[in-house]
Amino acid sequence: MMNDELTRLMDQLEQSKEKTSEHSISSKINKATEENQSPEAIAERLAFGFCEDYLDKQSGWGTYYGPMMVWVGDDGKAYESPSLSLVNDDIVEHWVARSQNTKNPIMKARYSGLVWDLSEAAIGRKPDYKIAIDYVNALLDVTDNDLCEHPTETITKVKRAYGVASALNNSDLIKNCIESAINLEDRIAEDDKAGLWGFCFDLFVLGKCRDLSGAQEKKLIEDLESRLERVSKDCSPWVCESAGIPLATYYRSKGMDAEVTRVVGVVGRCFEGACEGLAAMQASSWLQHVHDVYISFNMKEGAERVSKKISEVGPEVVESMQEFSHSMEIPREKLDAYLDSMTSGGLEKTLNRIAIQFLPKKDQVQQQVLELAKNHPLTYLFTKTLQDHKGRPVATIGSIEDDLEGNVIHQLSQNMGIDSFFLRHSFNKTLEVYGVSADDVTNFILKSPIFEDSKKDIVQKGVKAYLEEDYMTAIHILVPQAEAAIRTLVELMGGATLRRNRQGGLQLRTFDDLLRDESVENCFGADTSFYFRMLLTDQRGWNVRNDVCHGISPAGAFNYSTADRVMHVMLCLAQVRESNA
């Protein structure tokens, strides 16, 4: 039996005509049953404690409802509240009874919804389909009478009603949901609040609802067209996009190319116009976005026009960037001890040691990224745009969940900048201890069978330039030789180095493609092949090979830090030996 305070609360909720929410009801129930551990009180607290439309599928139960909170305890175990394990037969029976007795539509929808959604997952028993019909009707009652505190909550209710009705394949219920949703959108829509409209178009038109009448479809299309015309003049380009992209998607599905071009053109012009007068960095970001929109709808002319604007605003982007630096002190005696250990045992051992010591471990960097994301979550929630020295966007790195590898590459790029200090001093100490000549280093490199003897003079010239601190020459010579060595490696291991081109002939595979070849990873291991790609061919990393060979690198990029890394790659490649097995 319910205690007196809970009984009074339930009576108040039954008679109330005020707008409310499950969260508000939950707070009142928790307060009324704070010391009450009766089965009824527990069932009521549970009923309104679950999270609706649960999005985190990894920690959820594969159901519409999910825990309100999930956390990891000090013991390393995952905990959730409320827990599905608390839902037993008695709880479900209580919810069934309450769903039949209550007159409050929000409460009726919650009880019947929980029974329909959680019964099988919690107690292994399928519910009566009639409770699903009650669930849908209660949700429609909530929708039609605007009983939620916020319009977005009402949209969630009617979407859920349509989803359940569709799962039941109940045509009458589906039609009621369509009518209720369209009426709701007509009541709440405001042009400058994109979240309050367009959901009917997405659900029924783009969702290809078979029960949508021709008249209803025509109305939804015309409403969105009218809204597009209005918001393209008076609202932000993002609002304009919310109206235009669904329309363009619909027209594309119908093969109406002229309508697609017209609608996407409206969205594009809205963005392009809005960029005038914006700060350079924001303008560049918006232009990149609309460039993607044009490309996705195959509007090449618009994409080319916007790409020119991106290039034009690039220098201003670079000027607006701020530089952040960090310094640390290393005791001289510790540095000397480190360098002595790096250069002991002779020249060949030293060069081998440098090659191995400065190879990053991908797993360690990944763990570093995950730790940083845990301690500074906001930094890893948003997409990062990487730009070259002219302010042109060259790559994007998504959130930690969507693009873990991109974040690992970005972090490794930063780590290598720090490691450059130690790599530089290791090379300098080696020169000091052994008086290294170009012949010494060249002979060490040429011991590897992946460097052809015919290339000895070229390699030697690159090494000589490096030792003489002519880094521009060294980098231009040695980078192509590294690419040639990888190509030779793939050939020696039985891989293909040619691919068919569009002219019907054959051409060499790109360097990035070669570095992804299975034979390269088999030879060097996953860490080294990943490092080569990040350093030489990935735009999210240093991308040295592509920037140098395409003439993109400015003069300042040909510095000791880049040259040291190129030389390090040569030493890594020199580790390859022919197997006698």
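All figures in this text were calculated on a predicted structure; none of them were measured in a lab.
Heavy-atom contacts from other residues, nucleotides or ligands closer than 6.0 Å to CD of Gln282 number more than 12. The 12-atom threshold is exceeded at NZ of Lys309, counting heavy atoms of other residues, nucleotides or ligands nearer than 6.0 Å. For Asp453, the CG atom is loosely surrounded, since the number of other residues' heavy atoms within 6.0 Å does not exceed 12. Around the CD atom of Gln414, the shell of radius 6.0 Å holds more than 12 heavy atoms that belong to other residues, nucleotides or ligands.
One finds a salt bridge joining Glu483 and Arg487 here, because a Lys/Arg side-chain nitrogen approaches an Asp/Glu carboxylate oxygen to under 4.0 Å. Salt-bridge check for Arg262 with Glu259: passed, with a basic side-chain N closer than 4.0 Å to an acidic carboxylate O. With salt bridges taken as basic N to acidic carboxylate O contacts below 4.0 Å, one links Arg516 and Asp512. Under a 4.0 Å N-O distance rule, the pair Arg509/Asp517 qualifies as a salt bridge. Using a cutoff of 4.0 Å between basic side-chain nitrogens and carboxylate oxygens, Glu468 and Lys464 are scored as salt-bridged. Ionic pairing of Asp527 and Lys362 is not present here: no N-O contact between side-chain nitrogen and carboxylate oxygen is shorter than 4.0 angstrom. One finds a salt bridge joining Glu348 and Lys447 here, because a Lys/Arg side-chain nitrogen approaches an Asp/Glu carboxylate oxygen to under 4.0 Å.
Checked against a 6.0 Å centroid threshold, the rings of Phe558 and His476 count as neighbours. Between His289 and Trp238, the distance separating the two ring centers is shorter than 6.0 angstrom. The aromatic ring centroids of Tyr54 and Trp61 lie 6.0 Å or more from each other. Aromatic ring centroids of Phe421 and His425 lie under 6.0 Å apart.
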Show your reasoning for whether side-chain hydrogen bond (donor to acceptor under 3.5 Å, both in side chains) applies to Gln366 and Asn407. CA-CA 8 Å; Gln366 181 170 307; Asn407 281 278; over 6 Å; no
Apply the test salt bridge (Lys or Arg N to Asp or Glu O under 4.0 Å) to residues Glu371 and Lys374: give CA-CA distance (whole Å), side-chain angles for both, the deciding distance (0.1 Å), then the verdict. CA-CA 5 Å; Glu371 281 294 318; Lys374 181 180 177 181; 5.1 Å; no
Steps toward side-chain hydrogen bond (donor to acceptor under 3.5 Å, both in side chains) verdict (Asp402, Ser399): CA-CA 5 Å; Asp402 298 332; Ser399 68; 3.2 Å; yes
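Under the 3.5 Å distance criterion, with hydrogens and angles disregarded, a donor-acceptor pair is assigned to the side chains of Asp564 and Tyr466. Residues Tyr531 and Arg565 bring a donor and an acceptor atom of their side chains to less than 3.5 Å of each other. Judged purely by distance below 3.5 Å, without hydrogens or angles, the side chains of Gln575 and Asn352 pair a donor atom with an acceptor atom. Side-chain atoms of Gln367 and Asp363 include no donor-acceptor pair closer than 3.5 Å. Side chains of Gln368 and Asn415: a donor-acceptor N/O pair is present below 3.5 angstrom, by distance only. Counted by atom type alone, Asn522 and Ser519 present zero donor-acceptor pairs between their side chains at under 3.5 Å. In this model, a donor atom of one side chain and an acceptor atom of the other lie less than 3.5 Å apart for Asp470 and Thr473.
In this structure, Phe422 and Tyr338 have perpendicular ring planes: the angle between them is above 60°, well past the 30° mark.
Here the CD1 atom belonging to Ile450 is positioned 5.5 Å from the CG atom belonging to Leu489, to the nearest 0.5 angstrom.
A side-chain donor-acceptor contact under 3.5 Å links Ser437 to the backbone of Asp440. With hydrogens and angles ignored, the 3.5 Å screen pairs a side-chain donor or acceptor of Tyr434 with a backbone N or O of Gly346.
Contact detail for Val260 and Arg252: the closest heavy-atom pair is CG2-N, 3.3 Å. Scanning all heavy atoms of the two residues, the minimum distance from Ile475 to Thr562 falls at CD1-CG2, 3.8 Å. Of all heavy-atom pairs between Thr350 and Ser344, the closest is OG1-O, 3.8 Å. Closest non-hydrogen pair, Val290 versus Gly268, comes out as CG2-CA, 3.6 Å.
In this structure the side chain of Met299 never reaches within 4.5 angstrom of the side chain of Glu304, judged on heavy atoms. You'll find the side chain of Glu80 stays beyond 4.5 Å of the side chain of Met69, heavy atoms only.
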